[in-house]
Amino acid sequence: MFSKGKCEVKYELLDNASESNPSSIKRSCLPKISTFILGLVILMYILFIFPKIRKEISTQYRYPKPIGPKPKNHEAATKSPPPSKVCNIEVENGPLVKVGSYRTYVIASYMDHRYGPRQITSVAIAHRYEDVPYHCMMCCEGGNISSTRAWRSIHSDHYNFDYGTADISCKFSPDCSSPTHVAITSSDQAGSITSFQPIQNLVIPKSFPFNFTVCISVMFHYSKVLNVIQAMEMFKLLGVQRVAIYISSCSSETQRVLDYYVKMGFVELIPWTVEDYIKVSMGWQKDKSPGELHYHGQVPALNDCVYRYMYQSHYVALQDLDELILPLNVKTWTELLQELEKMHGTEVGFEFENNVFPFTAKAQMKYDQKIWEKIEGINVLKYVDRIPVNPHVFNNIKVIVNPRLVLEATVHGLLKTVNGHSTVRVNHDIARMYHSKNIDYPSDTKLIRDERLLEYAKDLIPAVSKVLQDCGFIKT
Ligand SMILES: *[C@@H]1O[C@H](CO)[C@@H](O)[C@H](O)[C@H]1NC(C)=O
Ligand SMILES: *[C@@H]1O[C@H](CO)[C@@H](O)[C@H](O)[C@H]1NC(C)=O
């Protein structure tokens with residue numbers, strides 16, 4: 001069962017619990033003794049079980065619906081320190097705010113310092129054939145609302161789906177000092193604003209909290225607890241401080257793991273509710289996987305991540321959870337990037353060759369962990385044979401890049417950068433990507449034994465076991 005459903009079930013449970021209060025039971029004509037026992041049971045429930053369920057619900061990940069009527073009371077309202085209204089209009093922090101009656105959905109808005117001090121870029125998903133007279137409505141210091149025309153640019157990697165990734169940009173006028181919130185609208189009338197979004201990246205901090213942020217887009221129907229933990233712990237060993245996950249749905253067990261990492265400050269979850277508004281495709285080929293938007297909206301999510309971490313992280317890695325970029329001569333990304341920038345300078349991003357390690361190959365039992373057996377997922381340490389790379393077909397490379405260089409990111413690389421430099425392909429003797437997955441390959445394939453990952457095993461195994469324990473999946 002997946003979280004979205006689970007939340008609903010839990011709320012039902014809660015509702016039932018509040019309905020079955022003693023007064024409703026009085027109505028039945030039970031003998032006194034059983035009434036007493038029943039009362040006792042209810043009392044126990046209220047004292048012990050109910051708080052537990054409540055607690056579980058409070059740590060349960062929410063999927064706020066950012067448009068349409070606000071949720072009545074529960075969730076959203078509970079923890080929201082930022083102002084709920086600015087310039088007398090409600091603030092909406094979640095991704096996907098609809099632009100009027102148009103088929104444009106704004107994910108988030110950012111000050112874009114790379115174009116001088118007065119430009120805002122909103123990352124959005126827009127219907128490519130719909131022409132919208134976009135405006136930026138800004139809430140300025142002193143509570144005045146200022147309006148300017150905005151323009152949009154659709155990224156070229158829309159794969160012919162109706163919707164594409166859009167950057168909606170505007171300059172704000174000098175009469176608007178320090179805007180803090182913006183609304184993308186289809187008219188310059190203040191009445192057209194349904195909500196304001198905070199403008200992120202308002203100031204460039206003196207130092208960034210993170211060296212490396214991994215952007216994972218999009219997690220849906222995910223249930224491989226062991227793999228998510230192995231990925232997180234490998235990222236840590238590589239020198240990553242933050243993983244941003246655009247999450248659409250996952251199993252309750254995965255949710256428990258993610259909550260654990262969120263609490264530690266290692267993971268940020270960005271609710272990805274795009275399926276509620278747009279028919280997303282399960283793939284990238286429109287004829288094979290019909291829909292209105294490429295693969296769950298992976299591309300707009302990646303681009304949002306680049307902006308979101310632009311001034312928080314020195315580098316971002318745009319990749320999936322089943323992929324690990326491993327340096328071959330040093331241990332961490334920190335050392336690797338130093339090595340690469342020494343060779344190629346700091347004005348470029350780096351792309352890493354995809355190498356597939358099929359789970360259909362023979363498992364190596366050296367690092368098999370008996371205590372992990374019951375956990376859903378596959379121990380990647382058991383798969384050390386890779387399919388040779390075919391130099392004649394496109395390689396599904398992934399990148400690590402300084403996000404401030406990126407104008408447009410795509411799944412395998414960058415479309416536009418501030419300086420026009422494309423990414424440098426890193427020699428596979430320096431680093432390459434280890435991509436473990438379920439995949440069939442021709443029976444005459446000569447797999448290549450590659451045990452680089454195993455050199456992390458002695459650190460990885462205890463780290464994974466500890467998380468499994470902390471989350472209550474295994475006993476000590
Ligand atoms: C707000 O707008 C009014 C009318 O345009 C103007 O007189 C006032 O100076 C503005 N306030 C600020 C703080 O900009
Ligand atoms: C980032 O890397 C540097 C080494 O280049 C290290 O000294 C520093 O502690 C790292 N920052 C974080 C937040 O881990």
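These numbers come from the heavy atoms of this one structure, side chains and all, not from hydrogens, waters or symmetry mates. All ligand and atom numbering here is 1-based and tracks the order in the structure.
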field: Centroid separation Phe212 to Tyr315 less than 6.0 Å
entry: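 Judged by ring-centre distance (under 6.0 Å), Phe212 and Tyr315 do meet the cut-off.
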
Atoms in ligand 2 with a heavy atom of [X] nearer than 4.0 Å:
X      : answer
Asn211 : 1 (C), 2 (O), 3 (C), 8 (C), 10 (C), 11 (N), 12 (C), 14 (O)
Thr334 : 2 (O), 4 (C), 5 (O)
Pro209 : 13 (C)

query: Salt-bridged, Asp368 to Lys382, with N to O below 4.0 Å?
result: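 Looking at Lys382 together with Asp368, the answer is yes, because their closest N to O distance falls below 4.0 Å.
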
Carboxylate-amine/guanidinium proximity below 4.0 Å for Lys263 and Asp259: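 Looking at Asp259 together with Lys263, the answer is no, because their closest N to O distance does not fall below 4.0 Å.
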
- prompt: Is a side-chain donor-acceptor pair under 3.5 Å present for Tyr307 with Ser109?
  reply: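 Not at all, the side chains of Ser109 and Tyr307 share no donor-acceptor pair under 3.5 Å.
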
task: Check whether any protein heavy atom sits under 4.0 Å from atom 9 (O) of ligand 2.
output: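 Within 4.0 Å: no protein heavy atom nearby.
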
query: Is ligand 2 less than 4.0 angstrom away from at least one heavy atom of Gly239?
result: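 Contact check Gly239 vs ligand 2: negative.
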
Which segment of Gln241 sits under 4.0 Å of ligand 2 when only heavy atoms are counted: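 Looking at Gln241 and ligand 2, just side chain atoms fall under 4.0 Å.
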
query: Does Phe266 have Lys236 sitting over its ring (NZ/CZ under 6.0 Å from centre, angle to axis within 45°)?
result: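 Yes, Lys236 lies over the aromatic ring of Phe266.
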
